Amino acid sequence: MRPENLFPLFRTVTSLKGVGARTADLIEKVAGPHIIDLLWHLPSGIIDRRYTPKVKDAIPDSIATITLRITKHYPPHNPRQPYKIVGMDDTGAMSLVFFRARSDYLNKMLPEGEVRVVSGKIEKFGDGIQMTHPDHIVREDEVESFNKVEPVYPLTAGLSLKVMGKAMTAALEIPTELPEWLDGPLVAREKWTTWLTAVQAIHAPESENDLSPQTPNRRRLAYDELLANQLALALVRAHMKRTKGLALKGDGSLREKVRAALPFKLTNSQIFTLGEIDADLAADHRMLRLLQGDVGSGKTVVALMAMLSAVEAGGQAVMMAPTEILARQHLASISQMTESADLQPLLLTGRERGKKREEILDKLKSGAARLVIGTHALFTDDVEYKDLRVTVIDEQHRFGVHQRLTLAAKGRAVDVLVMTATPIPRTLMLTAYGDMDVSRLTEKPAGRKPVQTVLISQERLDEVVGAVKRAVSSGARVYWVCPLIEEQETSDMAAAEARYDHLRSIFGERTGLVHGRLKGADKDAVMMAFKDGNIDVLVATTVIEVGVDVPEASVMVIEHAERFGLAQLHQLRGRIGRGAEKSTCLLVHAGHIGETAKARLTTMRETDDGFIIAERDLQLRGAGELLGTRQSGLPEFRLADIAEHAELLQIARDDAEMILLNDPDLQKDRGQALRHLLYLFERDSAIRYLRSG
Ligand code: ADP
Ligand code: MG
């Protein structure tokens, strides 16, 4: 249960004075629905209102706060003209200018004969100055009511800084001091203040410097967030460790059969990583290992070998893929590879329903099914396994952190192997998993020919079509990728469909189209036709990005390649260059593209090394964005910036470890305070893993 003194922070912003439903919607859009979200919404700039010149001295284009006696109102003759109000001090007069203003409002705010303080941008007007729509208008005795240095917040259409500022001021009155969850010596060494002081200070910047991510106040809050993240991960890990693993040792019989039937020899890299995995399996702790290998490096067969150990030992093994297409593809290739071992792997996705599904569930429960491949449907609540030993998760960056953790933490003593093609830098890895063992496939299977990559401008599309024509007539199979820009799914679909129509008029019947809106079965049918060679040119949106294996495809055209991220381009290109044919990737780009886009495309032309590409991506995009947190399932941080606070992340990791060593169930004083921290950052799902919640 959430500690009571946090309740006020988790009220919705509508509970704030002056925040109605409409404003709340807008605030939710930029910050979030709760008061705490508003507090985490950091200023992005400042307006310094401490410049208080006399009228005569006010410098145009500056922000100034000026005290005036209002002398006269000049309402407009027609509504398109501005309403002008003249005021003066002892050095001269200036006008205040309002468009579409209501005169009753202006008469109330700026009555003739009275003194008012106005603040806003000074504009030059003829020989004098004016101010259009002052940001603040108050009586002299109210001057304190607007901050002398005012924070500026990221806003959205319809939400003004004034409204945001008011909501923020109201929100800042809500929090009270919370029990200190940080380690005293760390706070002293870093010269940090309390949580409450830090929150208040971060919303009261005095200068540009105060906006830096390296101020002690910001660092403290960033550390809080990182510690919550690391502590949550550590709790899950501790839970996993408590549920002991089983020492798993197969007799090698199935592996040997499968290996003997493979049409290739395992690479040294595959053999080596398999050794690391076997050591984990044989030990009595649970395996939590990441298998990282570039697209086409041959992760599937390594995972299969691990799964076979489970079966040899009399248990069950599953492989979970992020999409149905991929699950089916894995089933196809694993069925083929295990043919000699007579294992009859099963498939379980969202599409197996009713009686069919019942049958599969029965087999999982009875243990009759030993090798199972599927999607997250493998882990819905009603699925029971007789003796699940090994779980393989493919292309994990498509799964959310939460999904991954709950899966890994299921009460069973399962060994978990996560496969990814995306090299994740160490810092990002820590935030996503805490400590996880890593195996890397550094070597590609022999006989792979590097893909030749060509950049070509959209204006030369005719030449591209010509080249594709030549390739097809000599028997090549071609992917033609159209970009999918988020939020415009329909128009992208239209673009892909238009391209399909166009290419169909050239290539005829043997042209296919596959996109995300197609039903699963239709999607599969098209992919299968392409794989079987009944389609030569496959027009696709990025649905082909992940994992689909058609070794015969040797040409890829990517339209509007400048719109794709590096990692995505690399993933896409990895779909070709898998077979015996020499492969070509044509990156078709708009005539005029920005520097960064150009750098991305050039990188693609120059290398096909996933690690170099990931590093380049990091340089071009910055750490936080590397994988695109949303699609990657990496946690999004509000206060911490992984690039800026990497060293705090290390400290937080060690801190979390020490905390659980001293107080594994968070019962002591600091432990109780830390529970507040977990709730504050909504890492409360981790609290379930305490032995006494
Ligand atoms: P990824 O690492 O991208 O998941 P896959 O496991 O799908 O790669 O393997 C890509 C292709 O390479 C598959 O067709 C697979 O059969 C083949 N392959 C795997 N290992 C080897 C090897 N040692 N030698 C030759 N081909 C291999
Ligand atoms: Mg794969």
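Remember, it's 1-based here, ligands and their atoms both numbered in the order they're listed. This is a predicted model, so every value here is computed, not measured.
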Under-4.0 Å heavy-atom contact with ligand 1, by part of Lys265 that carries it: backbone
Salt bridge flag under 4.0 Å for residues Arg255 and Glu312: no
Basic-acidic side-chain contact under 4.0 Å: Glu256, Arg259: yes
Where ligand 1 meets Asp294 - atom numbers and elements under 4.0 angstrom, heavy-atom basis: 2 (O)
Ligand 1 atoms in contact with Thr300 (distance to a heavy atom under 4.0 Å): 4 (O), 5 (P), 6 (O), 7 (O)
Min N/O separation Val301 to ligand 1 under 3.5 Å: no
Residue Thr267 vicinity, atoms of ligand 1 by number, heavy atom under 4.0 Å: 23 (N)
Between Ser439 and Arg289, a side-chain donor and acceptor under 3.5 Å: yes
Gly293 touching ligand 1 at heavy-atom level, < 4.0 angstrom: no
Element-labelled atoms of ligand 1 that are located less than 4.0 Å from some non-hydrogen atom of Leu266: 23 (N)
Any Thr349 side-chain heavy atom under 4.5 Å of Arg328 side chain: yes
N/O donor-acceptor pair under 3.5 Å between Asp609 side chain and Ile612 backbone: yes
Heavy atoms of other groups near Gln336 CD, more than 12 under 6.0 Å: no
Test item, Leu262 contacting ligand 1 (heavy atom, 4.0 angstrom): no
